[in-house]
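Please read the structure below before turning to the comments.
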Amino acid sequence: MPLDYDHRAIEAKWQQRWQETGLNEPDLWEAPRPYYNLMMFPYPSAEGLHVGNMYAFAGADVHGRFQRMQGYSVFEPMGFDAFGIHSENFALKVNRHPADLIASNVANFRQQLERLGNQFAWSKTLATTDPRYYRWTQWLFLKLWEGGLAYRARRNVKWCPTDLTVLADEQVMGDGTCERCGSQVVERELEQWFLRISAYTEKLLGNLDELDWSESTKLLQRHWIGRSEGAHIDFPIDGEAPLRVFTTRPDTVYGATFMVLAPDHPRTLDLAHPSCRDEVARYLAEAARRRIAGARQEGDSTKGIFLGRWAQHPLTGARIPLYTAEYVLSGYGTGAIMAVPAHDARDHAFAVAFQLPVVEVVSGSSGGGAHSGAGTLVNSHEFSGLTAPDPAREVVIAALAERGLGERQVTYRLRDWGISRQRYWGPPIPAIHCPRDGAVPVPEDQLPVVLPHIDDFRPLGSGESPLARSPEFYNTTCPRCGGPAKRETDVSDNFLDSAWYYLRYPSADRDDVAFDADLTRRWLPVATYIGGNEHAVLHLLYARFIAMALHDLGYVDFEEPFTRFRAHGMIIKDGAKMSKSRGNVVVPDDYVNRYGADAFRLYLLSMGPFAEGGDFRETGVNGPQRFLVHIFTLLERFLEEGSSQEPVALARLRHRCIRDVTRDTPELKYNTAIAAMMTFVKQLQATPSPLPRAALETLALLLAPFCPHAAEEIWARLGNPYSVHQQPWPEIDPQMLVQDQVVVVISINGKKRDQMSVAPGLPSSELQSRALASGRIQHLLEGRTPSKVFVVPDRQVNLVLPRD
RNA sequence: GCCAGCAUGGCGGAAUGGCAGACGCGGCGGUCUCAAAAACCGUUGAGCGCAAGCUCGUGUGGGUUCGACUCCCACUGCUGGCACCA
């Protein structure tokens with residue numbers, strides 16, 4: 001390696017200089033054009049910074065630095081998402097206290113992060129485990145509670161038998177396993193704290209249309225919220241209250257031939273006829289056992305049991321038998337359905353198994369199974385002949401509503417957010433249980449409720465947190481009546497920590513408020529947020545909900561916290577996700593040591609489009625490394641024999657490069673932006689004449705977002721004033737993008753046969769006659785005349801010969 | 001099963017109707033060297049040809065078009081998400 005490019009010395013020197021001069025610390029009060037550039041904060045694991053973290057941060061930093069050179073004051077904070085089961089489980093495994101582990105992990109991460117060269121504003125860092133931070137997480141909970149958005153309820157919740165804690169629905173994987181440890185999740189009935197995210201379903205869904213977010217992320221959220229439009233319909237039962245069902249296909253109501261209740265529907269046992277009650281009770285107990293064991297098998301809609309009772313069809317009065325079966329879920333709709341076997345596959349399978357009538361009400365059935373598509377209503381009395389599902393759906397809803405039998409209803413999949421965790425490593429939920437006054441909020445001036453340092457923090461498994469081992473912690477007095485009371489011993493989900501951290505950064509050094517109102521108005525919402533799509537339905541949905549809640553509670557003046565969100569891709573290795581078990585995890589430190597942060601950043605970002613990630617190869621870093629060496633060689637050459645004169649030909653190449661980098665960088669197409677710079681460098685290398693100053697200066701400016709240290713070094717060696725990162729982005733001179741020659745391809749029947757170099761902007765007729773004048777073309781035409789000629793100005797002339 | 005996204009040299013990728021393979025890795029040949037590494041120069045989709053050049057080629061099959069990696073239809077494979085959601 002030439003002495004000129006000693007990445008170690010260069011990177012250390014500039015990192016120190018930036019820190020001394022406060023280059024990365026915008027004046028939050030005075031900044032004229034605030035730009036909040038946020039990236040998802042990492043969970044500080046014991047393994048240290050992952051190459052995936054580095055990839056995300058490097059890409060986000062390029063964006064921030066680019067915006068800065070567009071004239072914005074960029075605030076780019078970084079912090080640590082340090083609470084949570086992850087850290088706690090690791091602490092249990094290595095038999096150390098999470099508080100000790102986290103302190104060293106954070107210190108290690110901080111050191112690794114500082115070496116990446118990101119423009120992090122370290123004076124505003126935060127860690128969610130800091131009482132100065134979680135005090136305000138607790139404050140947030142109290143505000144939500146005050147606003148009616150937090151409540152306590154006894155409910156069936158997802159329970160992880162390994163982690164011994166409740167999980168949010170979002171933390172249960174598709175196959176019913178725990179997101180953290182992979183154990184089969186079971187159900188358990190516990191008294192829990194919930195946040196009323198369901199109050200915002202409509203807004204969470206509706207606002208998405210207007211948000212400048214990655215489409216893939218929006219789609220995941222839409223799915224997760226799961227809006228279904230339909231109606232509820234009441235089916236009368238003799239001597240009982242009617243049974244309400246939800247359906248998205250009210251138009252098929254005449255095809256309903258039986259009804260099914262979920263086993264855990266509150267009325268299932270009551271509705272069973274006394275003669276069947278024992279048998280039904282046995283069935284329900286089995287179903288409950290299966291549910292608790294997490295063994296409820298999917299796809300089997302042929303199992304169930306008759307309740308020995310009938311409802312009436314609301315329109316025909318026909319007898320409709322009632323069943324209970326596990327294919328109907330208590331958690332969706334009303335937990336009971338009208339079964340339309342002709343037009344629903346599951347109902348059809350059930351009808352076949354129990355020999356129940358199948359009545360076709362939508363024509364177009366292909367015979368055999370259920371026909372769930374569109375068609376014309378038949379066997380539907382006054383509705384027959386209508387086109388289903390639309391507009392028949394509307395007509396049927398209106399008719400039912402008129403007779404008081406049903407009504408339009410929208411159902412969502414999204415459930416309220418259970419935040420109670422029976423674990424140790426989280427912020428205690430600031431509530432006190434008083435035998436007289438019930439659950440009472442901890443008064444604000446008593447925050448934070450400090451998480452006590454207890455030696456035995458192993459989970460109890462009883463449905464209580466390890467804090468229930470500590471009477472010193474939970475014994476207290478009721479703030480309302482002063483009598484003896486017990487603190488809530490559950491801690492909150494660590495997704496609550498991360499649901500508001502972006503609000504905290506600008507005010508991270510303040511102890512009097514969670515977030516300063518003026519600073520918040522200046523800097524928020526976040527201009528650009530960059531992170532992984534794995535958080536599309538967890539973190540990003542919760543953060544939006546919290547912003548909406550704080551908006552309605554009067555604390556912020558926006559509803560959407562992240563104006564622009566871009567999901568970055570994933571770095572894979574050997575075609576697979578990096579994981580410890582596969583042994584293909586890349587540790588960035590080795591590469592940063594060997595090649596420098598600049599070269600490694602460049603490599604990561606040149607692998608592919610930032611939104612798509614890329615495939616990591618060890619040898620790949622050689623390319624960017626050579627590229628930087630080439631630039632320093634050019635710099636050397638310029639310092640020896642450079643010129644202030646720039647030949648027009650070079651100026652054209654330079655402006656072409658500026659154009660390409662300026663076009664691709666804001667679109668996060670860093671790979672092609674880097675390629676454009678590499679092309680320019682090759683062109684400079686091929687230039688025999690003295691190098692112009694402008695070429696080197698432009699390179700330093702274009703490189704600044706990508707390789708901040710090298711760019712600074714080049715800038716300084718050119719004798720320019722500190723700092724390259726405070727310079728305006730280079731301007732494009734449109735004059736310089738005009739070419740004096742263009743290559744026009746001549747093809748016959750679409751196949752390239754010749755080419756010619758001509759002045760740009762020639763009229764089509766001129767291009768055509770020049771093409772026909774070509775010797776090669778004349779020869780190939782053999783005297784024939786093209787039947788047609790297509791001319792694409794400045795690009796192609798295509799001669800069409802009739803084929804034989 | 002449903003919903004997305006993707007499929008291009010040995011590899012990562014570029015080109016979104018007009019010269020396929022930019023840029024980079026790797027490979028091959030050379031220069032330098034006692035030698036190696038590094039560096040530098042050349043070369044690198046496949047096939048045919050002494051050559052000029054020709055033919056084939058963007059997962060598969062069809063279609064639209066003067067012209068298709070790009071648009072349309074059908075299929076296959078991979079990745080991610082959801083999944084008894086009525």
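A, B, ... follow the sequence lines: proteins, then strands. Residue 1 opens every chain. From a predicted model like this one, the values you see are computed outputs, not experimental measurements.
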Give a yes-or-no answer on whether the side chains of [X] and [Y] include a donor-acceptor pair shorter than 3.5 Å.
{"X": "Asn671(A)", "Y": "Ser606(A)", "answer": "no"}
{"X": "Asn622(A)", "Y": "Tyr595(A)", "answer": "yes"}
{"X": "Thr672(A)", "Y": "Asp660(A)", "answer": "no"}

Charged N to carboxylate O under 4.0 angstrom, Glu667(A) versus Arg663(A)?
-> no
Rounded distance in Å between the [atom1] positions of [N] and [M]:
{"N": "U8(B)", "M": "C73(B)", "atom1": "C1'", "result": "22 Å"}
{"N": "C19(B)", "M": "U70(B)", "atom1": "C1'", "result": "15 Å"}
{"N": "C32(B)", "M": "A20(B)", "atom1": "C1'", "result": "37 Å"}
{"N": "A83(B)", "M": "A46(B)", "atom1": "P", "result": "48 Å"}
{"N": "A22(B)", "M": "U16(B)", "atom1": "C1'", "result": "15 Å"}
{"N": "A86(B)", "M": "C6(B)", "atom1": "P", "result": "27 Å"}
{"N": "G12(B)", "M": "C50(B)", "atom1": "C1'", "result": "37 Å"}
{"N": "U44(B)", "M": "G9(B)", "atom1": "C1'", "result": "10 Å"}

His313(A) vs Tyr254(A) aromatic rings, parallel, tilted or perpendicular, using cut-offs 30° and 60°?
-> parallel
Phosphate-side-chain proximity, [X] and [N], N/O vs OP1/OP2 below 4.0 Å:
{"X": "His630(A)", "N": "C40(B)", "answer": "yes"}
{"X": "Ser606(A)", "N": "G13(B)", "answer": "no"}
{"X": "Arg626(A)", "N": "G26(B)", "answer": "yes"}
{"X": "Asn671(A)", "N": "A14(B)", "answer": "yes"}
{"X": "Lys682(A)", "N": "G24(B)", "answer": "yes"}
{"X": "Arg222(A)", "N": "C82(B)", "answer": "no"}

With both distances under 3.5 angstrom, what nucleotide forms a Watson-Crick or G-U wobble pair with [N]?
{"N": "U64(B)", "answer": "none"}
{"N": "U70(B)", "answer": "none"}
{"N": "G49(B)", "answer": "none"}
{"N": "C40(B)", "answer": "G30(B)"}
{"N": "G5(B)", "answer": "C78(B)"}
{"N": "A83(B)", "answer": "none"}
{"N": "U58(B)", "answer": "none"}
{"N": "G24(B)", "answer": "C11(B)"}

Taking the side chain as C-beta and beyond, is there a heavy-atom pair between Leu799(A) and Ser747(A) under 4.5 Å?
-> no
Side chains of Arg415(A) and Tyr332(A): does their closest heavy-atom pair fall under 4.5 Å?
-> no
Relative to its sugar, using the 90° cut-off around 0, the base of G9(B) is syn
Is the [X]-[Y] ring centre distance short of 6.0 angstrom?
{"X": "Phe258(A)", "Y": "Phe354(A)", "result": "no"}
{"X": "Phe246(A)", "Y": "His232(A)", "result": "no"}
{"X": "Phe616(A)", "Y": "Tyr591(A)", "result": "yes"}

Gap between atoms [atom1] and [atom2], on [X] and [N] respectively (whole Å):
{"X": "Arg617(A)", "N": "G13(B)", "atom1": "CZ", "atom2": "P", "value": "11 Å"}
{"X": "Ile571(A)", "N": "U79(B)", "atom1": "CD1", "atom2": "P", "value": "18 Å"}
{"X": "Met678(A)", "N": "G12(B)", "atom1": "CE", "atom2": "P", "value": "18 Å"}
{"X": "Ile746(A)", "N": "G18(B)", "atom1": "CD1", "atom2": "P", "value": "19 Å"}
{"X": "Tyr603(A)", "N": "G24(B)", "atom1": "OH", "atom2": "C1'", "value": "9 Å"}
{"X": "Tyr332(A)", "N": "A83(B)", "atom1": "OH", "atom2": "P", "value": "12 Å"}
{"X": "Asn622(A)", "N": "G27(B)", "atom1": "CG", "atom2": "C1'", "value": "14 Å"}
{"X": "Phe627(A)", "N": "C40(B)", "atom1": "CZ", "atom2": "P", "value": "14 Å"}

Hey, does [X] reach any base, or is it just sugar-phosphate, or nothing, if we go heavy atoms under 4.0 Å?
{"X": "Ser228(A)", "result": "sugar-phosphate"}
{"X": "Val328(A)", "result": "base"}
{"X": "Thr619(A)", "result": "sugar-phosphate"}
{"X": "Val743(A)", "result": "base"}
{"X": "Pro609(A)", "result": "sugar-phosphate"}
{"X": "Leu220(A)", "result": "sugar-phosphate"}

When you measure from the side chain of Ser330(A) to the backbone N and O of His265(A), does any donor-acceptor pair fall under 3.5 Å?
-> no
Taking all heavy atoms of Pro357(A) and all of Pro341(A), pick out the closest pair and write down the distance.
-> O-CG, 3.5 Å
For RNA chain B, whose closest nucleotide is more 5', that of Gln796(A) or that of His223(A)?
-> His223(A)
Comparing Gly613(A) with Lys788(A), nearest RNA chain B nucleotide closer to 5' gives the residue Gly613(A)
Are Arg544(A) and Trp213(A) in a cation-pi contact, defined as NZ or CZ under 6.0 Å from the six-membered ring centre and within 45° of the axis?
-> yes
What do you reckon, do Phe790(A) and the base of C66(B) stack, with centroid distance below 5.5 Å and planes below 30°?
-> yes
Which letter, B, S or -, goes with each nucleotide of nucleotides 44-59 of chain B from 5' to 3', with contact meaning a protein heavy atom under 4.0 Å?
-> ---------SSSS---
Got a sec? Which of residues 248-258 of chain A come in under 4.0 Å of RNA chain B, heavy atoms?
-> Thr248(A), Arg249(A)
